[in-house]
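Notes for the one structure printed next.
Owing to the predicted nature of the structure, the values given are computational and were not obtained by experimental measurement.
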Amino acid sequence: MRTEINMVKGIEQQQDKDNVTKALHNVWGVREVDVHLSNGEVAVSYDENATSPIDITQAILDAGYQVVKTNNILNEDNVN
């Protein structure tokens, strides 16, 4: 499993958080989504064999938001 941090423009209210969370949970392979209203940070944990960062970015775009930065931060399979 891999975790990716996305900085997303336009997440300002609870409804925005809910929209992004729902859109990402609809992506096959996404396991966890954590959206921070304070800074627009969206952490997504996913099975890299089932989906890709491109699919995650596309889901955010399709929900009406803009991804301004993406960081792949952790491959949890390599953590002891």
Side-chain angles (χ1 to χ4, degrees):
M1 188 149 61
R2 181 168 293 211
T3 300
E4 176 178 296
I5 301 291
N6 295 284
M7 299 305 294
V8 179
K9 187 175 181 180
I11 297 177
E12 299 170 357
Q13 301 175 23
Q14 183 64 41
Q15 183 177 359
D16 299 320
K17 178 179 177 177
D18 294 344
N19 289 343
V20 170
T21 299
K22 182 178 178 181
L24 289 169
H25 276 299
N26 285 331
V27 176
W28 183 259
V30 169
R31 302 290 184 243
E32 293 180 39
V33 176
D34 189 15
V35 179
H36 298 275
L37 284 174
S38 61
N39 60 5
E41 184 179 275
V42 179
V44 184
S45 296
Y46 62 97
D47 177 350
E48 65 268 22
N49 295 316
T51 195
S52 71
I54 294 169
D55 296 327
I56 291 167
T57 298
Q58 190 62 52
I60 294 169
L61 293 171
D62 289 348
Y65 301 90
Q66 180 182 2
V67 177
V68 292
K69 184 177 179 183
T70 300
N71 295 313
N72 288 326
I73 60 161
L74 181 62
N75 186 343
E76 295 173 13
D77 292 337
N78 294 333
V79 175
N80 293 341

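- By the side-chain hydrogen bond (donor to acceptor under 3.5 Å, both in side chains) test, Q14 is found to be paired with D18, residues two or more places apart in sequence or in another chain being considered.
- Taking each heavy atom of V42 and I11 in turn, the nearest pair found is CG2-CD1, 3.7 Å.
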Residues 54-69, side-chain donor-acceptor partners within the protein, below 3.5 Å, at least two apart:
| residue | atom | partner | partner atom | Å |
| --- | --- | --- | --- | --- |
| D55 | OD2 | T51 | OG1 | 3.1 |
| D55 | OD2 | S52 | N | 3.3 |
| D55 | OD2 | S52 | OG | 3.4 |
| T57 | OG1 | P53 | O | 3.1 |
| Q58 | NE2 | D62 | OD1 | 2.7 |
| Y65 | OH | D16 | OD1 | 2.8 |
| Y65 | OH | N19 | ND2 | 3.4 |

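- K22 pairs by the side-chain contact (heavy atoms from CB on, under 4.5 Å) definition with N26, not counting sequence neighbours.
- Distance CG/N39 to CE/M7: 4.5 Å, rounded to 0.5 Å.
- Listed by first and then second residue, the salt bridge (charged side-chain N to carboxylate O under 4.0 Å, His left out) pairs that reach into residues 24-43 are R31-D47, sequence neighbours excluded.
- In terms of heavy-atom proximity, K17 sits nearest to V35 at CE-O, 3.3 Å.
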